[in-house]
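Starting from 1, each residue takes its place in the sequence as its number. Below, all heavy atoms of this structure are taken into account, side chains as well, without hydrogens, waters or symmetry copies.
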Amino acid sequence: MKKLVTLAIGALLASGAFAAEHQIKMLNTGKDGIMVFEPGFVQAAKGDTIKFIKTDAAHNSASFFAPKGAKGWKGKMDEEVVVTLSEEGIYMYQCDPHKPMAMVGVIQVGKATNLDEAKKEAANYSKSLAMNKDRLTKYLDQAK
C-alpha cells in the first residue's frame, strides 16, 4: 500500500497537477504607469502557466527573450494568452504595439540561470524605447 501511495504522489507531481496559474493583466494604466503588464515581474515554477488577461483593448503578449530550449509565444491582439513555462530561467515579453512605451514584463521560472544574458538583452532593448527606459531593468532587478 505504501508503494502505491508513493507511486500515486509521484504521478501527480509528474503530471503537473500541482502547477500554478499566474495571471497578468494587460492594462492602459497600472501601478507602474501607463501601458503596463500587471504584475510586471512574476516568480513562477517550472510547469506553471501564465495567463495574460485582456483587461483593456489593443494589447497582446509576445515573448522576445527566453531560456535556451524554451518555447516562445506571440499572442494575437485583444486575446487572452495562456503559456506553460517549460524551462528554468528568465523570460521577457512585450505588447507589440506598445513596445516604444516599454509595455514589457519579466517572468522568472525557478533559478535565474540566464540572468546575465537577460540583462545584456535588456540593455540593448531599452535603447529602442521612447519612454520608461528603465522599466525592464527594474523588473529584472527583482530576479534572484
Side-chain angles (χ1 to χ4, degrees), residues 5-144:
V5 170
T6 303
L7 287 173
I9 291 171
L12 283 172
L13 290 172
S15 71
F18 296 106
E21 179 184 272
H22 305 270
Q23 296 186 351
I24 299 174
K25 295 177 185 173
M26 298 182 276
L27 300 169
N28 291 341
T29 305
K31 68 177 185 154
D32 290 340
I34 62 169
M35 302 302 163
V36 293
F37 291 98
E38 196 167 281
F41 175 81
V42 170
Q43 178 83 44
K46 191 173 176 179
D48 284 359
T49 58
I50 303 293
K51 183 176 185 179
F52 292 93
I53 308 289
K54 178 192 173 253
T55 305
D56 294 322
H59 299 296
N60 79 323
S61 172
S63 61
F64 66 88
F65 181 85
K68 288 182 181 168
K71 185 178 176 185
W73 68 90
K74 183 169 178 66
K76 293 181 182 177
M77 194 67 62
D78 289 327
E79 289 187 2
E80 293 186 350
V81 178
V82 178
V83 179
T84 301
L85 304 168
S86 62
E87 301 296 328
E88 280 195 334
I90 299 293
Y91 295 73
M92 294 187 286
Y93 58 92
Q94 67 188 18
C95 172
D96 292 333
H98 298 113
K99 174 190 172 184
M101 302 168 100
M103 187 168 178
V104 295
V106 173
I107 303 166
Q108 178 182 337
V109 176
K111 295 179 182 178
T113 55
N114 60 343
L115 184 57
D116 290 339
E117 294 112 337
K119 286 182 177 182
K120 287 177 189 171
E121 177 71 21
N124 288 329
Y125 181 96
S126 295
K127 292 175 187 175
S128 68
L129 302 174
M131 55 191 293
N132 301 309
K133 290 180 178 273
D134 63 341
R135 185 178 281 168
L136 190 55
T137 301
K138 285 181 181 178
Y139 294 154
L140 275 175
D141 286 344
Q142 297 176 57
K144 299 173 184 156

Tightest non-hydrogen contact, residues A44 and L85, listed as CB-CD1, 4.1 Å

**Asked** Are there more than 12 heavy atoms of other residues, nucleotides or ligands under 6.0 Å from atom NZ of K99?
**Response** yes

Between Y91 and A66 the two heavy atoms that sit nearest each other are CD2-CB, 3.8 Å

Check: For A62, does its backbone N or O pair with a side-chain atom of D96 as donor and acceptor, under 3.5 Å?
Finding: no

Under a 4.5 Å cut-off applied to non-hydrogen side-chain atoms, are I34 and M131 in contact? yes

Would you call K51-E80 a salt bridge at under 4.0 Å N-O?
-> yes

Between the CD1 atom in I24 and the OG atom in S61, the distance rounded to the nearest 0.5 Å is 7.0 Å

Do M26 and K54 touch side chain to side chain, with heavy atoms closer than 4.5 Å?
yes

When rounded to the nearest 0.5 Å, the distance separating CD1 of I50 from CD of E21 is 8.5 Å

Value for NZ (K46) from OG1 (T84), rounded to nearest 0.5 Å, stands at 13.0 Å

Quiz prompt | Heavy atoms of other groups near N124 CG, more than 12 under 6.0 Å | solution = yes

Heavy atoms of T113 and G89 approach each other most closely as OG1-CA, 3.7 Å

- Query: Has the side chain of S63 got a donor or acceptor atom that lies under 3.5 Å from a matching backbone atom of W73?
  - Reply: yes

Exercise. Under 3.5 Å, is there a donor-acceptor pair between the side chain of Q108 and the main chain of G110?
Worked result: yes

For the NZ atom on K71, are there more than 12 heavy atoms of other groups (residues, nucleotides or ligands in this structure) within a distance under 6.0 Å? no

Counting distance only, does the side-chain N/O of S128 pair as donor-acceptor with the main-chain N or O of Y125 below 3.5 Å? yes

### Task
May I ask you to decide if A58's main-chain N or O and D78's side chain share a donor-acceptor pair within less than 3.5 Å?
yes

Tightest non-hydrogen contact, residues G30 and L27, listed as CA-CD1, 4.2 Å

Is it true that a side-chain atom of K133 and a backbone atom of L129 form a donor plus acceptor pair closer than 3.5 Å?
yes

(message) If we ignore hydrogens and angles and just use 3.5 Å, is the side chain of R135 paired with the main-chain N or O of G40 as donor and acceptor?
(response) no

Taking every heavy atom of S126 against every heavy atom of L136, the minimum-distance pair comes out as OG-CB, 4.3 Å

Interatomic distance, CD1@I90 vs CG@L140, rounded to 0.5 Å, equals 6.0 Å

Report task. State whether the side chain of D56 and the backbone N or O of N28 hold a donor-acceptor pair below 3.5 Å, judged by distance alone. Result -> yes

> Where the side chain of E38 meets the backbone of K31, is there a donor-acceptor pair that is under 3.5 Å apart?
Replying inline: yes

One should read off an interatomic distance between N60 CG and Q94 CD, to the nearest 0.5 angstrom, of 8.0 Å

Value for NZ (K144) from CG (L115), rounded to nearest 0.5 Å, stands at 12.0 Å

Exercise. Do the non-hydrogen side-chain atoms of K68 and N114 ever get within less than 4.5 Å of each other?
Worked result: no

When Y139, F64, F52, F65 are each screened for ring-ring contact (aromatic ring centres under 6.0 Å, His included) with Y93, the one that passes is F52

- Item | Flag side-chain contact, heavy atom, 4.5 Å: Q142 against V106 | no

Assess the residue pair M92 and V104 against the criterion (side chain to side chain contact (heavy atoms under 4.5 Å, CB included)); give the C-alpha distance rounded to whole Å, side-chain angles, the decisive distance to 0.1 Å, and a yes or no.
CA-CA 7 Å; M92 294 187 286; V104 295; over 6 Å; no

Tested for side-chain contact (heavy atoms from CB on, under 4.5 Å) against H59, the lone hit among K25, H98, E79 is H98

